[in-house]
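These notes concern the structure reproduced below.
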Amino acid sequence: MTRRAFITGITGQDGSYLAELLLAKGYEVHGLIRRASTFNTSRIDHLYVDPHEDKARLFLHYGDLSDGARLVSLLGALHPDEVYNLAAQSHVRVSFDEPEHTGDTTGVGSMRMLEAVRMSGIHTRFYQASSSEMFGATPPPQSEETAFHPRSPYGAAKVYSYWVTRNYREAYGMFAVNGILFNHESPRRGETFVTRKISRAVAAIKAGRQDTLYLGNLDAVRDWGYAAEYVEGMWRMLQVDEPDDYVLATGVGVTVRDFLATAFEHAGLDWREYVLFDDRYLRPSEVDALVGDASKAREILGWEAVVDPHQLARIMVDADIAALDHAGSKWIDQVELASWR
């Protein structure tokens, strides 16, 4: 029988890559999307087939993590074999501006999903998207045994999600796992995240369309991997016999400055000629260094990152240069708006 998966956050970076992966494996994929006056499905448009056609295997459903009743009815109707909870307010800096919203969606939203699984009475395997931001101020390397010390409302909300997932696993015997993913990026990353902001600026500067890139803390160390690889790890966590929690990371830490230098050098540019500091991008409390130890995932899941942060920077720059070559003035307007942010 065809396996069925349900993905919240399907229109995001991770959701789109995961949908691709599962469709390639023969799954029927259902995704949760929020109702809006404009479509936000660009990352999955290439996967979509009219549901009236026999070959359609991707289906979208309106709903929201703030609406527990809708989640119960959807899961009860669909009976998915696997549930991937990827939806969240996921921008760390924005979480300081919108702490209540972040807590409700990123934190309590996860509990609503788990409760929907329980209340609907379905037997499924549940994946919770946890985050390296939970470690916060705890020094690297960070593994599944490292203590949490979040430094943002986002990180704190993810800690809540982590523990409620473990609680439902222990209290109700659910197959529920936490994937503690370190920073993972791609050409599909949102334009206001620092890696994508850098790669888009490189493309625009290379084309003579932009003169300056404003950034905040260049000394922060992060473990950046390639999102397309990380969704394979998510899937593998739900294929093992017993539920557990896993870190996914490259194990390589680089500063924002290092990533910046690699991206600009790949386009034949010197970043020091274009980058200026703007304190609006600083966080009230900073996370100095996140570098993961994914030994457990390697040993049990057979998963290991291949693309390192420097390769990732080059992939993203190439993609944004190609996108700019084909997009015209509308894309350039977006570049300028991202720079203003």
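What you see below is based on every heavy atom in this structure, not just the backbone, and it leaves out hydrogens, waters and symmetry mates. Every value quoted in this text rests on a predicted model; they were computed, and no experiment measured them.
For the pair I33/N40, no side-chain contact is recorded, criterion being any heavy-atom separation below 4.5 Å from C-beta on. Two residues are said to be in side-chain contact when any heavy atoms from C-beta on lie closer than 4.5 Å; P309 and T250 meet this criterion. Contact check for L215 versus V194: side-chain heavy atoms found under the 4.5 Å cut-off. Counting heavy atoms from C-beta outward, E20 and H46 have side chains that approach closer than 4.5 Å. D270 places none of its side-chain heavy atoms less than 4.5 Å from the side chain of F264. Between L58 and I10 the shortest side-chain heavy-atom distance falls below 4.5 Å.
Aromatic pair F148/Y162: ring centres closer than 6.0 Å. Checked against a 6.0 Å centroid threshold, the rings of Y230 and W303 count as neighbours.
In this structure, R188 forms a cation-pi arrangement with Y17, its terminal cationic atom sitting closer than 6.0 Å to the ring centre and no more than 45° off the ring axis. A cation-pi contact, defined as under 6.0 Å to the ring centre and within 45° of the axis, links R189 to F193.
Shown are Q239, M234, R4; of these, the side-chain contact (heavy atoms from CB on, under 4.5 Å) with E82 is made only by Q239.
Atom CD1 of I315 is separated from atom CD of E185 by 12.0 Å, given to the nearest 0.5 angstrom. Here the CG atom belonging to D244 is positioned 3.0 Å from the NZ atom belonging to K296, to the nearest 0.5 angstrom. Distance NZ/K158 to OG/S130: 6.5 Å, rounded to 0.5 Å. In this structure, OG1 in T11 is found 10.5 Å from CG in D45, a value given to the nearest 0.5 Å. Separation of atoms NZ (K55) and CD (E53) is listed at 5.5 Å; rounding is to 0.5 Å. Here the CG-OG distance, from N178 to S110, works out to 9.0 Å after rounding to the nearest 0.5 Å.
With hydrogens and angles disregarded, a donor-acceptor distance shorter than 3.5 Å links the side chain of T124 to the backbone of D81. A distance-only check finds no donor-acceptor pair linking the side chain of D223 to the backbone of A249 [under 3.5 Å].
Here M111 sits in one hydrophobic cluster together with F6, L32, L65, L71, L74, L75, L78, V83, V108, M113, L114, V117, I122, F126, Y160, V164, Y168, Y172, M174; the rule is ILVMFWY side chains under 4.5 Å apart, joined directly or through other members.
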